[in-house]
Novice: 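Below is one structure. I have some questions about it.
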Number of protein chains: 2
Amino acid sequence: MTALKYSRQREAIKNYLMATKEHPTADIVYLHVKEEFPNISLGTVYRNLNLLTDIGEALKIPSPDGADRFDGNALPHNHFFCTTCGRVLDLDLDIKKLEEINTSASENFDGKIESSSIAFYGKCGKCISRQN
Amino acid sequence: MTALKYSRQREAIKNYLMATKEHPTADIVYLHVKEEFPNISLGTVYRNLNLLTDIGEALKIPSPDGADRFDGNALPHNHFFCTTCGRVLDLDLDIKKLEEINTSASENFDGKIESSSIAFYGKCGKCISRQN
DNA sequence: CTGGTTGCAAAAGATTTGCAACGGC
DNA sequence: GCCGTTGCAAATCTTTTGCAACCAG
């Protein structure tokens with residue numbers, strides 16, 4: 001285990017991640033942090049996003065089409081993927097229900113379930129009203 | 001809508017996908033189908049996997065580390081991702097519970113939820129026993 | 001014949017990495 | 001000063017695509 005050292009770039013990345021609800025891709029994080037650090041490189045953004053993910057301060061959300069997305073909220077919660085516009089939204093569920101699911105899943109499964117996350121798919125509110 | 005035409009390559013890909021429970025990457029599908037069609041190209045494998053996914057005869061499972069995986073079982077079911085060895089396993093849940101989740105999620109959500117899928121994380125049985 | 005499909009290779013997109021300079025501690 | 005971090009560019013990995021030949025209907 002190597003000691004972690006402070007860096008202004010990493011802090012800016014983390015601040016941006018925690019402030020937005022947009023579940024940005026690495027590229028979008030890069031574009032925003034670039035406003036404050038014009039010389040920052042995409043490689044640094046990737047390195048720090050992975051580092052934050054590894055130490056549990058961010059989530060990496062894989063996407064079936066396109067780049068992975070990142071979430072500054074590392075607490076257990078779920079996501080909704082709009083199949084029309086591609087947006088990713090947070091979606092909170094009753095904790096009891098979530099625990100029930102893990103318990104129920106453990107019953108017929110050979111292994112240890114440590115966590116779970118649900119992906120919901122459909123049309124988001126914006127896309128539904130745009131369609132009318 | 002363009003008419004779909006039979007191809008031996010597509011059939012071989014589909015057969016392999018339906019026969020395995022390994023949730024293979026495109027590359028692994030390629031290596032297996034190559035045994036029967038030595039000249040098949042990776043591009044053809046990708047084209048057909050995407051086609052099968054589009055017409056609902058396969059699922060594309062995005063992975064946070066590495067290539068997407070494909071599943072020949074297109075019926076709604078869930079997956080377990082072993083955080084130690086990276087294997088992806090099927091995991092079935094009570095249908096009632098799944099419906100409850102979608103209903104419960106719809107209540108506080110502005111949009112239309114059409115489907116959902118749960119990703120479970122932890123250690124698979126093999127990795128647990130290997131560790132002892 | 002017509003038009004979907006294939007193999008090949010090049011291109012595109014996303015992410016990682018080697019390296020020398022830099023910056024925390 | 002030591003060693004983690006950065007910027008840059010090149011490399012790697014995954015997936016898509018243009019094109020001419022091919023094949024199913």
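So that the names make sense, note that chain A is the first sequence line, chain B the second, and so on, each numbered from 1. Being a predicted model, the structure only gives us computed values, none of them experimental.
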Novice: Heavy atoms within less than 4.0 Å of DNA chain C: which residues of residues 10-34 of chain B have one? Give them sorted by number.
Specialist: Arg10(B)
Novice: Test of understanding: clusters of I, L, V, M, F, W, Y form through side-chain heavy atoms closer than 4.5 Å, transitively. Do Leu17(B) and Ile28(B) belong to the same one?
Specialist: yes
Novice: Tell me the interatomic distance from Leu4(A), atom CG, to dC2(D), atom C1', rounded to whole angstroms.
Specialist: 16 Å
Novice: Could you give the CG-to-C1' distance, from Asn50(B) to dT16(D), as a whole number of Å?
Specialist: 9 Å
Novice: Are the side chain of Thr20(A) and the backbone N or O of Tyr16(A) linked by a donor-acceptor pair below 3.5 Å?
Specialist: no
Novice: Need to verify one output field. Residue with the more 5' nearest nucleotide on DNA chain D, Ser7(A) or Arg69(B)?
Specialist: Ser7(A)
Novice: Within a radius of less than 6.0 Å around NZ of Lys126(A), do more than 12 heavy atoms belonging to other residues, nucleotides or ligands occur?
Specialist: no
Novice: Nearest whole Å is fine: how far is dC13(D) C1' from Asp68(A) CG?
Specialist: 13 Å
Novice: If I compare all heavy atoms of Phe37(A) with all of Arg8(A), which pair ends up nearest, and what's the gap?
Specialist: CZ-CB, 3.6 Å
Novice: Just by distance, with hydrogens left out, do Lys21(A) and Asn73(A) show a side-chain donor and acceptor under 3.5 Å apart?
Specialist: no
Novice: Rounded to the nearest 0.5 Å, how far apart are CG of Asp90(A) and CG of Asp71(A)?
Specialist: 5.5 Å
Novice: Please confirm whether the shortest side-chain N or O distance from Asn48(A) to OP1 or OP2 of dT5(D) is below 4.0 Å.
Specialist: no
Novice: Could you tell me the boundaries of the chain A footprint on DNA chain C, defined by atoms under 4.0 Å from its heavy atoms?
Specialist: dA14(C) to dC25(C)
Novice: Considering heavy-atom distances to DNA chain D, does Gly66(B) or Ile40(A) have its closest nucleotide positioned more toward the 5' end?
Specialist: Ile40(A)
Novice: Give a yes or no on whether a donor-acceptor pair under 3.5 Å exists between the nucleobase atoms of dC3(D), that is its base, and the side chain of Lys5(A).
Specialist: yes
Novice: With a cut-off of 6.0 Å (strictly less than), are more than 12 heavy atoms of other residues, nucleotides or ligands near CD1 of Ile95(A)?
Specialist: no
Novice: In whole Å, I'd like the distance from the CD atom of Gln9(B) to the P atom of dC22(D).
Specialist: 14 Å
Novice: Let me know the distance between CG of Asp54(B) and C1' of dT16(D), rounded to the nearest Å.
Specialist: 13 Å
Novice: In the single-linkage hydrophobic clustering (I, L, V, M, F, W, Y; side-chain heavy atoms under 4.5 Å), do Ile61(B) and Tyr121(B) co-cluster?
Specialist: yes
Novice: Between atom CG in Asp65(A) and atom C1' in dT16(D), what is the gap in whole Å?
Specialist: 13 Å
Novice: In terms of relative ring orientation, are His23(B) and His77(B) parallel, tilted or perpendicular, with 30° and 60° separating the classes?
Specialist: tilted
Novice: Counting the atoms with a prime plus P, OP1 and OP2 as sugar-phosphate, which does Tyr6(A) contact under 4.0 Å by heavy atoms, base, sugar-phosphate, or nothing?
Specialist: sugar-phosphate
Novice: So Leu42(B), base contact, sugar-phosphate only, or nothing? Heavy-atom distance under 4.0 Å.
Specialist: base
